[in-house]
Amino acid sequence: MSSERQICYNFINVPCFLRDLSCSSKAMVLSGIKIIELAGLAPGPLCGMILADFGAKVVRVDRTRIMTTVDVQGRGKRSIALDLKKPEGAEVLKKLCIQSDVLIEPFRKGVMEKLSLGPKDLLQQNSKLIYARLTGFGQNGRHASKAGHDINFISLAGLLSNFGRKGENPCAPVNLLGDFAGGGLMCAMGIILALFERTHSGKGQVIDASMVEGAAYCSSWLWKSQKLSLMDKPRGENILDSGAPFYETYKTSDGKYMAVGALEPQFYDRLIEGLGLNSSELPPQMSLSDWPELKRIFTKIFASKSQAVWCKIFDNIDACVTPVLSLQEASRYPHNQDRGSFITDEDGQVSPRPAPHLSRTPACVSLARDPKVGEHTEAVLMEYGFTREQINALQCAEVIELNGPKAKL
Ligand SMILES: C[C@H](CCC[C@@H](C)[C@H]1CC[C@H]2[C@@H]3[C@H](O)C[C@@H]4C[C@H](O)CC[C@]4(C)[C@H]3C[C@H](O)[C@]12C)C(=O)SCCNC(=O)CCNC(=O)[C@H](O)C(C)(C)COP(=O)(O)OP(=O)(O)OC[C@H]1O[C@@H](n2cnc3c(N)ncnc32)[C@H](O)[C@@H]1OP(=O)(O)O
């Protein structure tokens, strides 16, 4: 990664473009860590991108004979195109793993073992390797070998049943909870924990990251708050799932929406003030039987003004009321601009900057476009000690594909 294509943030969150060594990859938390990420759909790529954002050198292993990748989270990674089904291809991966710290594999249980690339095969030759297995159902249990996607994982975690409005079918919050919160992010945390532990033991280990469990773990609050009667009513009738009038979205006169999160009495009072209502003429906040009526009142009032006007009103009132923004609007929202919360890469694509911010060793983000499949095959293999002759032989045998500029010898 060229430092000219990176951006970092200093401790007061002011972005500083890098044309010098002020934020070299040496200053990043994961600098020196080498990661091999076998290309997957969505969770594995997020995991790899997070690690790359914080300084790890991530090589994505793509298949051969594919034109494009579905990885839209390739930031900061390099790509090699390698056919793992050919024994020579599996040997190449073994050699890469001998010299790496982490392997991320996103396939269903048993796929890696069939290729003779299971943990036994790889840890035997590099006992320091952290072998991260990111699956839906984990490495054992009756569903371990089944295919699945986010919606399946959160359904089995007990979570999907909670999402949706009263009287309607459950509705998945896109694929955020299973794939990303419970999957990519949890796996990244597992890898960082294992890297930390390795500093004491000198040993690698296998990470069994199940998205059912990861999503369930993220939702510990939901499980543990059952006793508080916060989420014990049917879907869509609870405080935080669109049952309450003061934790809801409302349509404005211009077809946009406002988000209301006025849970505590002091913020609820400010909400009532901001809406121009008189609390003495309304039922009490926590009168559950009056919630439908309160919702009707709030709905009518919010529909009387545009989103911009409501923003002006609530910008100066501590009522926990904010506009519902599209992704594009979010990147332009003044508070987010104050913090430089979104970055624009050299292709003009806008995306969130890494979080959280570390004061001394901030993330340095690559602004280069995402890698093309096999763009770095030659450069990576040479870096890992393959000779030009070996690379040529692998190419002739169609084990690898070279889709990038020739490496300079
Ligand atoms: C909801 C999300 C998923 C969102 C992704 C969607 C946005 C995209 C999904 C499909 C995309 C479309 C599609 O690709 C067609 C077009 C392509 C075009 O380029 C773009 C437009 C497309 C329309 C494209 C558009 C979008 O990108 C999509 C709609 C999720 O939930 S993601 C989470 C998924 N679940 C998991 O990760 C859990 C663990 N994994 C699994 O359960 C399975 O891997 C999975 C994901 C269900 C896939 O099952 P599958 O049977 O296909 O694979 P596996 O059993 O794991 O085996 C992998 C086999 O591949 C071989 N292999 C791997 N690497 C290599 C290599 N380098 N060389 C050779 N061979 C390789 C491996 O050996 C396995 O072979 P076998 O089957 O023979 O053992």
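Predicted model, so just to flag it, every value in this text is computed and none were measured. Counting starts at 1 for both ligands and their atoms, in listed order.
The protein heavy-atom contact nearest to atom 4 (C) of ligand 1 is Asn175 ND2, 4.4 Å. Of all protein heavy atoms, the one lying nearest to atom 31 (O) of ligand 1 is Asp150 N, 2.8 Å. Looking at atom 65 (C) of ligand 1, its nearest protein heavy atom turns out to be Arg63 CG, 3.5 Å. Among all non-hydrogen protein atoms, the one lying nearest atom 50 (P) of ligand 1 is Arg108 NH2, 3.7 Å. If you check which protein heavy atom lies closest to atom 30 (C) of ligand 1, you get Asp179 OD2, 2.8 Å. Nearest protein neighbour of atom 47 (C) of ligand 1, counting heavy atoms only, is Ala147 CB, 3.7 Å.
The distance from ligand 1 to the heavy atoms of Leu84 drops below 4.0 Å at these ligand atoms: 66 (C), 67 (N), 68 (N), 69 (C). Close contacts between ligand 1 and Lys114 involve ligand atoms 76 (P), 79 (O) [criterion: under 4.0 Å to a heavy atom]. For ligand 1, the atoms sitting less than 4.0 Å from at least one non-hydrogen atom of Met211 are 36 (C), 37 (O), 38 (C), numbered in the order shown with element in parentheses. Applying the 4.0 Å criterion to heavy atoms of Thr68 picks out, from ligand 1, the atoms 19 (O).
Salt-bridge check for Arg133 with Glu113: passed, with a basic side-chain N closer than 4.0 Å to an acidic carboxylate O. The pair Arg60-Asp71 counts as a salt bridge, with a side-chain nitrogen and a carboxylate oxygen less than 4.0 angstrom apart. Ion pairing between Arg369 and Glu346 fails under the 4.0 Å rule for side-chain N and carboxylate O. With respect to Lys86 and Asp83, a salt bridge is recorded, a charged nitrogen being found less than 4.0 Å from a carboxylate O. Glu293 has a carboxylate O that lies under 4.0 Å from a charged side-chain N of Arg296, or vice versa, which qualifies the two as a salt bridge.
Between Glu401 and Arg65, the shortest heavy-atom contact is OE2-N, 2.8 Å. Nearest heavy atoms, Gly76 versus Ser366: CA-CB, 3.7 Å. Here the closest heavy-atom approach between residue Lys77 and residue Pro45 is recorded as NZ-O, 2.9 Å.
Remark: distances from the non-hydrogen atoms of Asp83 to ligand 1 include one below 4.0 Å. At least one heavy atom of Asp62 sits closer than 4.0 Å to an atom of ligand 1. Residue contacts with ligand 1 include Pro106, since one or more of its heavy atoms lies under 4.0 Å from the ligand.
Residue Val70 holds the heavy atom nearest to atom 17 (C) of ligand 1 of all those in Asn152, Val70, Ile154, Leu41. Scanning Gly136, Gly148, Pro43 for the heavy atom closest to atom 34 (C) of ligand 1 points to Gly148.
Considering backbone and side-chain atoms alike, Leu82 places an N or O below 3.5 Å from some N or O of ligand 1. Remark: ligand 1 and Val111 share no N or O pair separated by less than 3.5 Å (distance only, no angle test). Backbone and side-chain nitrogen or oxygen atoms of Lys85 are examined, and one is located within less than 3.5 angstrom of a nitrogen or oxygen of ligand 1. Between Thr135 and ligand 1, no N or O atom pair is found at a separation short of 3.5 Å.
Side-chain atoms of Asp345 come within 3.5 Å of backbone atoms of Gln349 as a donor-acceptor pair (strictly under, hydrogens ignored).
Between the side chains of Arg108 and Thr135, no donor-acceptor pair of N or O atoms lies under 3.5 Å. Checked by atom type, the side-chain pair Ser219/Trp223 shows a donor-acceptor distance below 3.5 Å.
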Check step by step if salt bridge (charged side-chain N to carboxylate O under 4.0 Å, His left out) holds for Glu264 and Arg270. CA-CA 10 Å; Glu264 296 87 343; Arg270 301 284 93 73; over 6 Å; no
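Distances from atom 23 (C) of ligand 1 to the protein include no heavy-atom value under 4.0 Å. Remark: atom 36 (C) of ligand 1 lies closer than 4.0 Å to at least one protein heavy atom. Protein heavy atoms are absent from the 4.0 Å sphere centred on atom 13 (C) of ligand 1. Under the 4.0 angstrom criterion, atom 63 (C) of ligand 1 counts as having a protein heavy-atom contact. For atom 39 (C) of ligand 1, the nearest protein heavy atom is under 4.0 Å away. Protein non-hydrogen atoms do reach within 4.0 Å of atom 19 (O) of ligand 1. Atom 74 (C) of ligand 1 lies below 4.0 Å from at least one non-hydrogen atom of the protein. Closer than 4.0 Å to atom 26 (C) of ligand 1 lies none of the heavy atoms of the protein.
Here the rule is side-chain contact (heavy atoms from CB on, under 4.5 Å) with Ile35, and of Leu30, Leu51, Ile130 only Leu51 fits it. When Lys34, Arg198, Lys57 are each tested for a salt bridge (Lys or Arg N to Asp or Glu O under 4.0 Å) with Asp101, only one passes: Arg198.
Note that Lys95 lies outside the cation-pi zone of Tyr384, set by a 6.0 Å cut-off to the ring centre and a 45° limit from the axis.
Less than 6.0 angstrom separates the ring centroid of Phe153 from the ring centroid of Phe137.
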